[in-house]
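Read through the structure below, which is laid out as structure tokens, and then see the notes.
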Amino acid sequence: MIKPRVRFAPSPTGKLHLGSARTALFNFLFAKSQKGTFILRIEDTDKERSLKEYEEDIISSLNWLGLYPDEEIVRQSERLDLYERVVKHLINKGYAYYCFCSKEELEAKRQEQLTRGEPPRYSGKCLQLSPQEVNKKLDSGEKYVIRLKVPNKVIFYKDFLRGEIPYDFRLLGDFVIAKNEREPLYLLATPVDDHYQGITHVIRGEDHLPNTPKQILIYKYMEWDIPVFVHLPLILGPDRTKLSKRHGAKSISEYREEGFLPEALLNFLVLLGWHPEGDREIISLDEMIKEFKLEKLNKNPAVFNLGKLIYFNRYYLKKKTTKEILELLDFSSYGNWQGDNFKALNGNIYSLEKIFKIIEMGKERASVIPEILSSVDFFFKSFDYPKELLVWKNSSFVEIENNLQKIKEIFYKIKEEEFVAPKIKEILDKISENNKGSYFWPLRVALSGKEASPPPFEIAEVLGKEKTLELINEAIKKLKSFQ
RNA sequence: GGCCCCGUCGUCUAACGGUUAGGACACCGCUCUUUCAAGGCGGAAAUACGGGUUCGACUCCCGUCGGGGCCGCCA
């Protein structure tokens with residue numbers, strides 16, 4: 001079998017979104033699994049809508065996901081000579097022709113046909129023009145477009161997943177392939193590039209299914225080999241329509257900014273329409289490449305499910321080493337680094353070793369990267385809480401105060417170097433006996449100010465003996481106060 | 001409206017024409033536990049419907065219904 005050449009061909013009219021990213025992923029996987037080539041082509045023929053910033057977003061998002069193209073990026077705006085040659089060839093051969101009909105004229109016709117319940121199709125009016133008339137109009141600078149002649153019959157085209165699909169050209173009419181010789185439209189530019197770039201498999205979204213017979217027509221007229229077409233099922237929003245912004249669907253770069261990991265996004269995306277062997281669902285990019293088979297793609301559209309994405313993100317977050325996570329974190333809203341030490345907003349200074357412990361605690365409780373620090377922000381910021389929060393179940397203020405007093409006295413006697421989590425836990429276990437909650441809970445609240453947090457003995461170790469005692473004192477003061 | 005595609009738990013999906021229709025997320029319960037999260041164990045939950053073909057249908061065929069896509073001088 002010859003090595004496949006595939007392409008991902010987005011138009012830079014928006015940021016890279018989930019659906020396109022999945023298309024890119026499947027192209028990439030197919031290429032890599034077959035030792036083929038994965039190409040990125042920017043389809044920027046629409047000069048009004050194409051923006052450089054979108055192109056940059058697409059490229060950086062692809063890189064972030066690890067879907068690197070194998071060849072230099074191709075832009076359609078840089079290949080106008082190519083399209084011009086093809087357009088002229090099609091005109092010379094009589095497969096395409098100039099059309100001078102005005103937009104207004106066509107729109108009126110279209111509406112008319114629509115209200116009659118007919119498919120809107122071009123009448124073929126300008127096809128009747130003689131070469132002399134065409135030349136005269138061209139010479140006088142009349143506005144025109146270029147249309148492709150379509151046959152008056154039903155044809156069958158092949159989709160890799162769906163098999164033979166009928167298409168009735170009689171319902172279509174001659175369609176526009178270019179605004180002029182140097183301004184091709186999608187329907188023309190895409191097959192031209194696919195041909196000249198030696199693309200063997202066109203893997204794209206199902207929304208392109210109806211475009212396929214139109215493009216095949218160009219292949220036929222040009223006497224080119226037709227590639228294999230693979231149309232991927234769409235990704236749908238919760239309301240089961242094509243995923244879009246209004247579903248809260250975000251771009252890949254936005255997911256990145258929110259703290260999602262590329263491996264989570266990739267794992268989530270690959271399962272939308274494909275499944276590895278067996279019952280497992282956790283799969284790395286390398287394993288996907290090893291196992292990927294075009295035949296195993298399924299045809300039914302998939303509804304986007306944020307909960308599952310979050311599940312994968314938590315999973316991959318937990319698998320990361322603390323050091324890896326350290327590099328992903330943004331500490332700027334919690335204090336600043338002074339060499340290897342971190343000076344927090346509340347004045348506490350943490351060694352790198354302690355920061356590591358804080359990260360360990362945070363990552364257990366985080367869905368996205370920023371939550372790692374925000375779930376343990378009490379280490380960095382001063383906090384307040386209502387004194388009622390210190391009370392465990394139906395204990396009294398007095399009881400809680402006494403328990404905190406007891407803890408304080410014992411902590412006071414512990415040597416600085418023995419103030420570590422296992423030791424602290426041991427002591428707490430001993431004094432609390434079978435009423436653990438009335439010791440653990442108030443201590444935890446005193447140290448974190450939160451209803452939910454990591455265990456108090458772990459917090460205490462990181463805080464250090466002095467700071468811990470300080471916070472216990474504050475809690476006691478709170479309990480003593482009236483209000 | 002026309003044409004086309006698709007139809008397994010709520011969602012993502014697995015199942016050479018023969019399985020007690022499997023897994024994952026979410027949900028519920030139990031467990032662990034000072035709390036939260038994580039973990040462990042368990043539960044509820046699906047072949048859209050109607051006809052065929054067949055000894056036997058989630059699987060093949062037809063119809064119905066449902067959902068989606070496309071009908072641009074956008075891609």
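Proteins get letters first, then strands, A, B, ... in listed order; numbering begins at 1 in each.
- Summarising the base pairing, B:C65 is matched to B:G7 through a Watson-Crick or G-U wobble pair whose two defining distances lie under 3.5 Å.
- Contact annotation for A:K318: backbone-only contact, meaning every heavy-atom pair under 4.0 Å involves sugar-phosphate atoms and none involves a base.
- To the nearest angstrom, C1' of B:G69 lies 17 Å from CZ of A:F229.
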### Task
Quick one: do A:L243 and A:H17 satisfy side-chain contact (heavy atoms from CB on, under 4.5 Å)? Show the steps, please.
CA-CA 9 Å; A:L243 192 63; A:H17 55 87; 6.0 Å; no
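- With a 3.5 Å ceiling on both atom-pair distances, B:A46 lacks any Watson-Crick or G-U wobble partner.
- Side-chain contact between A:D207 and A:K242 is present, with at least one heavy-atom pair separated by less than 4.5 Å.
- Straight-line distance between the C1' atoms of B:A45 and B:U13: roughly 15 Å, to the nearest whole Å.
- Scanning atom types as modelled, one donor and one acceptor separated by under 3.5 angstrom connect the side chain of A:N211 and the base of B:A75.
- Base pairing of B:U33 is not made with any nucleotide, judged by Watson-Crick or G-U wobble geometry with both donor-acceptor distances under 3.5 Å.
- Going from atom CD1 of A:I177 over to atom P of B:A75 covers 13 Å, rounded to whole Å.
- Contacts of A:R162 with the nucleic acid, taken as non-hydrogen atoms under 4.0 Å apart, involve only primed sugar atoms and P, OP1 or OP2.
- Relative to the six-membered ring of A:F175, A:R147 misses at least one condition, a distance below 6.0 Å or an angle of at most 45° to the axis.
- In this structure, A:E281 pairs ionically with A:K308, as a charged nitrogen and a carboxylate oxygen lie closer than 4.0 Å.
- Comparing the same atom, P, in B:C58 and in B:G52 gives a spacing of 15 Å after rounding to whole Å.
- Between A:R41 and A:Q197 there is a side-chain heavy-atom pair separated by less than 4.5 Å.
- At whole-Å resolution of the value, NE2 in A:H208 and P in B:C4 are 20 Å apart.
- For A:K15 and A:Y54, the positive end is not near the middle of the six-membered ring at less than 6.0 Å and at most 45° from its axis.
- Counting non-hydrogen atoms under 4.0 angstrom, A:R110 reaches the backbone sugars and phosphates but no base.
- At whole-Å resolution of the value, CG in A:L187 and P in B:G72 are 11 Å apart.
- A donor N or O paired with an acceptor N or O is found under 3.5 Å between the base of B:C74 and the side-chain atoms of A:R49.
- Within 4.0 Å of A:K103, counting heavy atoms only, lies at least one base atom of the nucleic acid.
- Side-chain N/O atoms of A:K242 include none lying less than 4.0 angstrom from OP1 or OP2 on B:A75.
- For A:D207 and B:C4, the CG to P distance is 18 Å, given to the nearest whole Å.
- If you find the closest nucleotide of RNA chain B to A:Y157 and to A:P210, the one lying nearer the 5' end belongs to A:Y157.
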### Query
Quick one: what's the B/S/- string for nucleotides 13-27 of chain B, heavy-atom cutoff under 4.0 Å, read 5' to 3'?
SS-------SBBS--
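- The nucleotide whose nearest atom lies closest to any side-chain atom of A:E43 is, among B:C5, B:A75, B:C73, B:A75.
- Using a 4.0 Å heavy-atom distance criterion, A:S448 is classed as making no nucleic acid contact.
- Here, B:U47 and B:A57 have their C1' atoms 11 Å apart, quoted to the whole Å.
- In the set B:C74, B:C5, B:C12, B:C5 carries the atom at the smallest distance from any side-chain atom of A:I165.
- Note on A:S453: a base of the nucleic acid sits closer than 4.0 angstrom, heavy atoms only.
- Between A:F268 atom CZ and B:C12 atom P there is a gap of 10 Å when expressed in whole angstrom units.
- In the set B:C73, B:C4, B:G69, the nucleotide with an atom closest to the side chain of A:P166 is B:C4.
- Two residues are said to be in side-chain contact when any heavy atoms from C-beta on lie closer than 4.5 Å; A:R182 and A:Y83 fail this criterion.
- Judged by Watson-Crick or G-U wobble contacts below 3.5 Å, the nucleotide B:C70 has B:G2 as its partner.
- Relative to the ring axis of A:Y385, A:K478 places its NZ or CZ within 45° and under 6.0 Å from the centre.
- Cation-pi check for A:K137 over A:F100 is met; the charged atom lies under 6.0 angstrom from the ring centroid and within 45 degrees of its normal.
- Not one side-chain nitrogen or oxygen of A:T13 sits closer than 4.0 Å to the OP1 or OP2 atom of B:C74.
- In this entry the distance linking CG of A:L428 with C1' of B:U33 reads 15 Å, nearest Å.
- Taking atom C1' on both nucleotides, B:G2 is separated from B:A44 by 44 Å, rounded to a whole Å.
- The residue A:Y315 sits apart from the nucleic acid: no heavy atom pair falls under 4.0 Å.
- Looking at A:R79, its side chain never comes within 3.5 Å of a backbone N or O of A:R75 through a donor-acceptor pair.
- B:A21 is unpaired under the Watson-Crick or G-U wobble criterion, no partner having all donor-acceptor distances under 3.5 Å.
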### Check against salt bridge (Lys or Arg N to Asp or Glu O under 4.0 Å), A:K158 and A:E164
CA-CA 5 Å; A:K158 199 173 172 187; A:E164 300 275 329; 5.3 Å; no
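- Taking atom CG of residue A:L236 and atom P of nucleotide B:C5, one finds them 18 Å apart after rounding to whole Å.
- Contact annotation for A:V176: backbone-only contact, meaning every heavy-atom pair under 4.0 Å involves sugar-phosphate atoms and none involves a base.
- Comparing the C1' positions of B:G39 and B:U19 gives an interatomic distance of 31 Å, to the nearest angstrom.
- Spacing between B:A46 and B:G7 at atom C1', rounded to whole Å, works out to 12 Å.
- If you take atom C1' in B:C30 and the same atom in B:U8, they sit 30 Å apart, rounded to whole Å.
- Taking the P atom of each, B:C65 and B:G72 are spaced 27 Å apart, rounded to whole Å.
- The residue A:P456 sits close to a base: some heavy atom pair falls under 4.0 Å.
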